[in-house]
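Just so you know, ligand 1 is whichever comes first in the structure, and atom 1 is the first atom listed for that ligand.
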Amino acid sequence: MIKDGFWPEEKRFTKPVRDPYVAMCGACGLSKHCKSPKMPHTGQGRKRILFIAEAPGEEEDRRNVQLIGQAGQFLRRHLAQLHVDLDVDCWKTNAVICRPVNNEKPTSTMINACQANVLATIRKTHPHVIVLLGESANISLLPLIWDGDPTPVGKWVGWTIPSRRFNAWVCPTYHPSFIIRAGDNALELLFHKHLAKFMKLRGRPYSEKPVQEESFVECIYRPAKAARLIREITEGRGPTAFDYETTCLKPDWGEEAKIVSASICWGHNKVAAFPFCGDVPEAMRSYLRCPRPKIASNLKFEERWSRTKLNTRVRNWYWDTMQAAHVLDFRRGITSIKFQAFVLLGVGQYNDTIKPYIESKGTSHLNRMAHAPLNELLVYNGLDSLLEYRVAKIQVNAMREKYKE
Ligand code: SF4
């Protein structure tokens with residue numbers, strides 16, 4: 001069932017997202033030690049913006065309202081410069097809604113115990129924009145939409161993630177207390193820039209429920225049919241993205257180093273994946289030599305496998321999503337296609353079923369991709385190409401904007 005602004009996650013290829021409905025106050029215990037236990041969210045939310053901070057401080061606990069201490073006033077001042085009133089235009093809550101003893105930083109056990117309250121606030125308010133202030137807010141919310149590590153904060157700040165689950169923009173930034181403590185003007189300017197970017201967002205990211213990308217992947221099991229399609233693609237025009245799934249990292253590890261499957265994306269929703277056997281390698285060689293522009297994520301990998309296994313260079317490389325991610329934003333840990341697809345397109349991790357087959361004992365060992373269920377392998381392989389194509393499109397525009405062509 002689709003509810004306004006809150007879509008249940010339907011993910012065939014990822015683990016179901018944990019959905020806590022009841023706070024585990026027994027495991028947390030903070031409510032027994034504060035003046036305002038289980039502080040409800042406050043604010044009028046006229047602009048449908050929800051701020052999630054860390055935890056109530058002493059003053060907040062005394063007055064039963066969030067973000068009224070030094071950090072809250074700091075945030076208020078920055079928002080006022082952007083013509084946003086924290087109390088009128090926004091809602092406010094915390095990752096833990098009872099004051100921790102001695103204002104200590106909440107532990108992840110407390111944050112997890114209280115996650116159901118954050119989720120309940122989102123269900124009640126249906127925000128368009130959810131601003132995550134600092135690490136505790138990240139730890140509370142991001143695991144509901146992303147199966148990887150919600151830290152470090154530095155990797156997450158500034159993104160405007162089009163969350164499919166909440167149909168809202170999820171926008172992490174620093175906690176104002178961190179900026180105050182750091183006393184660094186450059187950091188304060190960056191914090192202000194994040195807020196300015198978030199406050200410019202209008203409406204929800206999606207007017208209707210997005211179609212799951214995996215439904216676009218055409219899995220072709222017969223090599224002759226796949227080869228015919230590859231030749232048709234070769235004849236066409238415009239950029240394409242392609243991707244290999246292989247038994248190991250490097251193609252020169254001998255006989256056991258194999259390309260198991262390949263995929264090509266040649267339009268926004270046009271993507272096919274096929275086992276790498278029969279007529280496919282020869283057809284792929286023609287494709288690699290054709291003038292169509294080519295996109296990959298970490299093109300070194302595809303280039304090296306093409307040269308070694310197909311004895312051809314790749315003609316007309318057009319875009320590498322990994323390199324482009326680095327040029328656009330030089331933070332560590334953000335360049336993988338999975339991360340880029342999440343922060344730019346809202347696509348959650350899609351490799352859970354295939355993960356046990358990707359993993360190997362070390363970088364110099366074979367993986368088990370050749371033993372993966374074929375359909376799952378092809379869909380995963382196809383998604384890589386499709387997302388590379390879509391991410392590249394966004395990056396091209398971002399690059400043009402950054403360097404003003
Ligand atoms: Fe319960 Fe949350 Fe308060 Fe902990 S912080 S006692 S989980 S309401």
Side-chain angles (χ1 to χ4, degrees), residues 5-6 8-9 16-45 49-75 86-87 90-127 129-147 149-153 156 163 165-166 168 170-178 181:
F6 200 100
E9 198 111 358
V17 172
R18 209 158 38 93
D19 212 356
Y21 275 85
V22 183
M24 295 178 287
C25 298
C28 169
L30 288 181
S31 60
K32 294 183 205 142
H33 306 284
C34 59
K35 293 195 176 95
S36 304
K38 305 186 183 181
M39 189 183 292
H41 70 271
T42 58
Q44 296 174 37
I49 302 163
L50 172 66
F51 276 84
I52 304 177
E54 184 171 277
E58 189 176 3
E59 179 70 359
E60 285 127 357
D61 186 37
R62 198 170 58 76
R63 290 172 49 192
N64 196 23
V65 62
Q66 298 86 355
L67 289 166
I68 49 166
Q70 195 192 6
Q73 300 309 346
F74 178 89
L75 175 63
L86 180 61
D87 305 290
C90 314
W91 296 286
K92 299 155 287 169
T93 190
N94 283 300
V96 297
I97 62 172
C98 306
R99 183 192 172 206
V101 180
N102 299 327
N103 282 357
E104 278 174 8
K105 193 176 165 68
T107 61
S108 33
T109 308
M110 292 168 185
I111 296 168
N112 292 338
C114 209
Q115 198 181 36
N117 290 320
V118 171
L119 199 51
T121 300
I122 298 172
R123 285 181 198 282
K124 268 184 214 149
T125 54
H126 296 305
V129 177
I130 303 172
V131 182
L132 306 180
L133 296 173
E135 186 177 272
S136 298
N138 273 18
I139 294 172
S140 174
L141 191 95
L142 289 178
L144 295 167
I145 53 175
W146 170 252
D147 214 6
D149 191 350
T151 61
V153 171
W156 291 98
S163 164
R165 177 162 202 217
F166 302 131
V170 171
C171 308
T173 185
Y174 300 105
H175 195 283
S177 303
F178 173 73
R181 276 199 309 274

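C25 SG, 2.3 Å is the protein heavy atom nearest to atom 1 (Fe) of ligand 1.
Distance alone, capped at 3.5 Å, is enough to place a donor-acceptor pair between the Q73 side chain and the I68 backbone. When atom types are taken as modelled, the side chain of D61 and the backbone of K35 share a donor-acceptor pair closer than 3.5 angstrom. Side chain of D87 to main chain of G43: no donor-acceptor pair is present (N/O by atom type, distance under 3.5 Å, no hydrogens or angles). Between the N138 side chain and the P150 main chain, a donor and an acceptor come within less than 3.5 Å of each other.
A 4.5 Å side-chain heavy-atom check between F51 and T173 finds every atom pair outside the cut-off.
Taking a cut-off of under 4.0 Å to the non-hydrogen atoms of S31, the atoms of ligand 1 that pass are 6 (S). Below 4.0 Å from some heavy atom of N117 lie the following atoms of ligand 1, by number and element: 2 (Fe), 8 (S). Interface of C98 with ligand 1, defined as ligand atoms under 4.0 Å from a residue heavy atom, comprises 3 (Fe), 5 (S), 6 (S), 8 (S). Those atoms of ligand 1 with a heavy atom of K38 less than 4.0 angstrom away are 8 (S).
In this structure, CD in Q70 is found 7.5 Å from OG in S177, a value given to the nearest 0.5 Å.
For atom 4 (Fe) of ligand 1, the set of nearby N, O or S atoms under 2.8 Å includes one belonging to C28. In summary, C114 places no N/O/S atom under 2.8 Å from atom 1 (Fe) of ligand 1, failing the contact criterion.
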